[in-house]
Amino acid sequence: MTTIRLHNTKTRRKEDFVPIDPANVRVYCCGPTVYDRAHLGNARPVVVFDVLFRLLRHVYGADHVTYVRNFTDVDDKINAKAAETGRPIRDITEETIAWYHADMDALGALRPTHEPRATDYIAQMIAMIQDLIARGHAYAAEGHVLFDVRSFADYGQLSGRSVDDMIAGARVEVAPYKRDPMDFVLWKPSSDDLPGWDSPWGRGRPGWHIECSAMSFELLGAGFDIHAGGIDLQFPHHENEIAQSCCAHPGAGFARYWLHNEMLQVEGKKMSKSLGNFFTVRDLLDKGIPGEVIRFVFLQTHYGKPMDWTAEKAAQAKATLRKWRGLVAGIEPAPSPAPAVVAALADDLNTAGAIAELHALTGDPAVLKASAALLGLLDDAMGDWAAAPAVDLSAHAAHLAALREAAMQSKDFAAVDAMKAALMAAGVEVRMSKAGVELLPGPGFDAARLPGLC
RNA sequence: GGCGGGUUGGCGGAGAGGUUACGCAGCGGAUUGCAAAUCCGUGAAGACCGGUUCGAUUCCGGUACCCGCCUCCA
């Protein structure tokens, strides 16, 4: 069996991946807060960990992997949007989830096994918070419940920080009811105009981190294999999840392997609203950049390195994929992918290396197609963008062939060159060889610009 | 201030302590009426300074610069 190696953020080294139960490999990935369209940066972990999902399914069997990615549908950003627009919260989250699905589907990401919503697990969160209080790791104060970071000796271990260092950095909210400035909220009170649930501490809503602890426990158990997400979540989100889960379920170990993807940049700079280079996945799709092209660009960079999105990369990726799609058109995929591609992916998801191996497979389209599938590429379902326009150019081809034949005799190629130029201007690729004339509508084909046949 | 990532040939981007990465572009050739497509061949690298080593772009230490997280935006 293939041994997968993964860089574990928790230990800061590459380790052999040994699942707790090979018959049920369990992965949790932090999903989006659903208040707006997913931007390009949101898509990187989705694509990267989709490849992990595919690899695990390949190695352990499609029915032996459970992949959970949550929707955060209770959050102050959602509340703010509701207040701003006057729309019900449920409308906003439903609409945003539908957008998210459509956009991530377009990127060729498989749907996770479970996509739990935070609001469906409020009771479980309350139970976990009660348990944490009972165990002496949390305390209620002024309608809030706070996690006591000093009660968990390993707090800061994942991100390599100590509580004292962080306080020295001093950018934490100073609330009078906190025992320690680093204590974070498990539960907070809601005013009447905000979403809230009844709890032992009054009407309120959960803090951000508790949902992932509660939902991963419900769906994957107290100990599971892999926890994934963006490196920006390493602190405080994942640190706090660990604190909550390890204190609520001592000895279970929570997640064994932590995978974090580095951030995305745009043309060398951070994508941000203030720099004006902020855009969504949908913006790119609407601009005619196929989801498969976005996916290819993402996978050209190892997930652990910052990735730079550039228009140039998108153009090159599109050309490569177009070429490959030409090779595999109508080909049945081979029964299994190339071992070199599997080996590259098994080496800490070396997607760039895997793509290099795909280049070596262009002589064997069936294996190329089967191997590309592990990366979620060259799938029939997402190839419409590369399909040649269905047009019959045989009359043009015959006409051009006739002109050419005459020119061969007369040595005057003016008419041939004129027609060739006109065809090329219409986006047709013109191939003339001793075998004859071949016309292929290209990417920029425009039937309206085809030359007449006179 | 604390923590983390990066720096490879014109561009993108990997692996490996010693042997060609790969892709795109370029150049040369085959082919073509000319092209296109295709095929063959080919030059070009490892931020800087030290150390370990028979040998380092690859390991170790330091410097510089870029980027991110710690703060609403991933």
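Everything numeric here is computed off the predicted structure, so don't read it as measured data.
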ask   = Reckon A/Ile355 touches a base, only the sugar-phosphate, or nothing at all at heavy-atom distances under 4.0 Å?
value = nothing

message = Quick check for you: among B/rG6, B/rG12, B/rC24, whose closest atom lies nearest to any side-chain atom of A/Gln316?
response = B/rC24

query = Nearest to the side chain of A/Gln265 - B/rC73, B/rC67, B/rG4?
reply = B/rC67

ask   = Between A/Lys434 and B/rG33, is there a side-chain N or O to OP1/OP2 distance below 4.0 Å?
value = no

ask   = Rounding to a whole Å, what distance do you find between A/Asn240:CG and B/rC69:C1'?
value = 14 Å

Ring-ring centroid check A/His137 A/Phe152, cutoff 6.0 Å = no

query = When we call it a touch if two heavy atoms are under 4.0 Å apart, what does A/Phe296 touch: a base, just sugar-phosphate, or nothing?
reply = nothing

task = Report yes if a side-chain nitrogen or oxygen of A/Lys305 is closer than 4.0 Å to either non-bridging phosphate oxygen (OP1 or OP2) of B/rU7; otherwise report no.
result = yes

request  = Counting Watson-Crick and G-U wobble pairs whose two distances are both under 3.5 Å, find the runs of 3 or more in a row that involve RNA chain B.
outcome  = B:1-7 with B:64-70, B:10-12 with B:22-24, B:26-30 with B:38-42, B:47-51 with B:59-63

ask   = So which heavy atom on A/Gly288 is nearest to which on A/Lys318, and how close?
value = O-NZ, 3.5 Å

Options B/rG13, B/rG4, B/rG6, nucleotide nearest the side-chain atoms of A/Glu262 = B/rG4

Would you give me the side-chain donor-acceptor pairs under 3.5 Å for residues 435-442 of chain A, sequence neighbours excluded?
none

task = Tell me which nucleotide among B/rC73, B/rA21, B/rC34 gets nearest to the side chain of A/Lys77.
result = B/rC73

ask   = A/Phe235 near the nucleic acid: base, sugar-phosphate alone, or nothing, with a heavy-atom cut-off under 4.0 Å?
value = sugar-phosphate

query = A/Arg12 near the nucleic acid: base, sugar-phosphate alone, or nothing, with a heavy-atom cut-off under 4.0 Å?
reply = sugar-phosphate

request  = Ignoring backbone atoms, establish whether A/Ser159 has a side-chain N or O less than 4.0 Å from OP1 or OP2 of B/rC3.
outcome  = no

key: Side-chain donor/acceptor of A/Arg44 to backbone N/O of A/Glu262, under 3.5 Å   = yes

query = Rounding to a whole Å, what distance do you find between A/Arg13:CZ and B/rG4:P?
reply = 14 Å

task = Determine the contact category for A/Gly229: base if any of its heavy atoms lies under 4.0 Å from a base atom, sugar-phosphate if only primed atoms, P, OP1 or OP2 are that close, otherwise nothing.
result = nothing

Dump every N/O contact between nucleotides 35-38 of chain B and the protein below 3.5 Å, one line per pair.
unit_1, atom_1, unit_2, atom_2, d
B/rA35, N6, A/Met432, N, 3.0
B/rA35, N6, A/Met432, O, 2.1
B/rA35, N1, A/Val430, O, 3.1
B/rA35, N1, A/Met432, N, 3.0
B/rA37, O2', A/Arg431, NH2, 3.3

request  = Could you work out the separation of B/rG68 and B/rC11 based on their C1' atoms and round it to a whole Å?
outcome  = 24 Å

request  = Select base, sugar-phosphate, or nothing to describe what A/Thr9 touches, counting heavy atoms under 4.0 Å on all strands.
outcome  = nothing

query = What is the nucleic acid contact for A/Gln234, judged by heavy atoms within less than 4.0 Å: base, sugar-phosphate only, or nothing?
reply = nothing

task = Give a yes or no on whether the ring-centroid distance for A/Phe224 and A/Phe254 is below 6.0 angstrom.
result = yes

inquiry  = For A/Thr93, run the side chain to side chain contact (heavy atoms under 4.5 Å, CB included) check against A/Thr33, A/Thr119, A/Ile78 and tell me which one passes.
reply    = A/Ile78

query = How far does CD of A/Glu292 sit from CG of A/Leu321, to the nearest 0.5 angstrom?
reply = 4.5 Å

inquiry  = Taking B/rG51 as the reference, what is the distance to B/rU71 when you measure between their P atoms (whole Å, please)?
reply    = 43 Å

query = What orientation do A/Phe71 and A/Tyr100 show, parallel under 30°, tilted 30 to 60°, or perpendicular over 60°?
reply = perpendicular

ask   = Among side-chain atoms of A/Tyr67 and A/Asp50, is any donor-acceptor pair under 3.5 angstrom?
value = no

query = How far, in whole Å, is B/rG2 from B/rC54 if one measures between their P atoms?
reply = 38 Å

remark   = Picking from B/rG23, B/rG4, B/rC34, the nucleotide nearest the side-chain atoms of A/Asp417 would be B/rC34

inquiry  = Taking only the C1' atom of each, what is the distance from B/rA14 to B/rC73 in whole angstrom?
reply    = 32 Å

message = Assess the residue pair A/Lys14 and A/Asp348 against the criterion (salt bridge (charged side-chain N to carboxylate O under 4.0 Å, His left out)); give the C-alpha distance rounded to whole Å, side-chain angles, the decisive distance to 0.1 Å, and a yes or no.
response = CA-CA 8 Å; A/Lys14 217 190 264 190; A/Asp348 195 28; 5.2 Å; no

request  = For B/rG18 versus B/rG55, give the span between their C1' atoms, rounded off to a whole number of Å.
outcome  = 6 Å

ask   = Which is true for A/His39 with a 4.0 Å heavy-atom rule: it touches a base, it touches only sugar-phosphate, or it touches nothing?
value = base

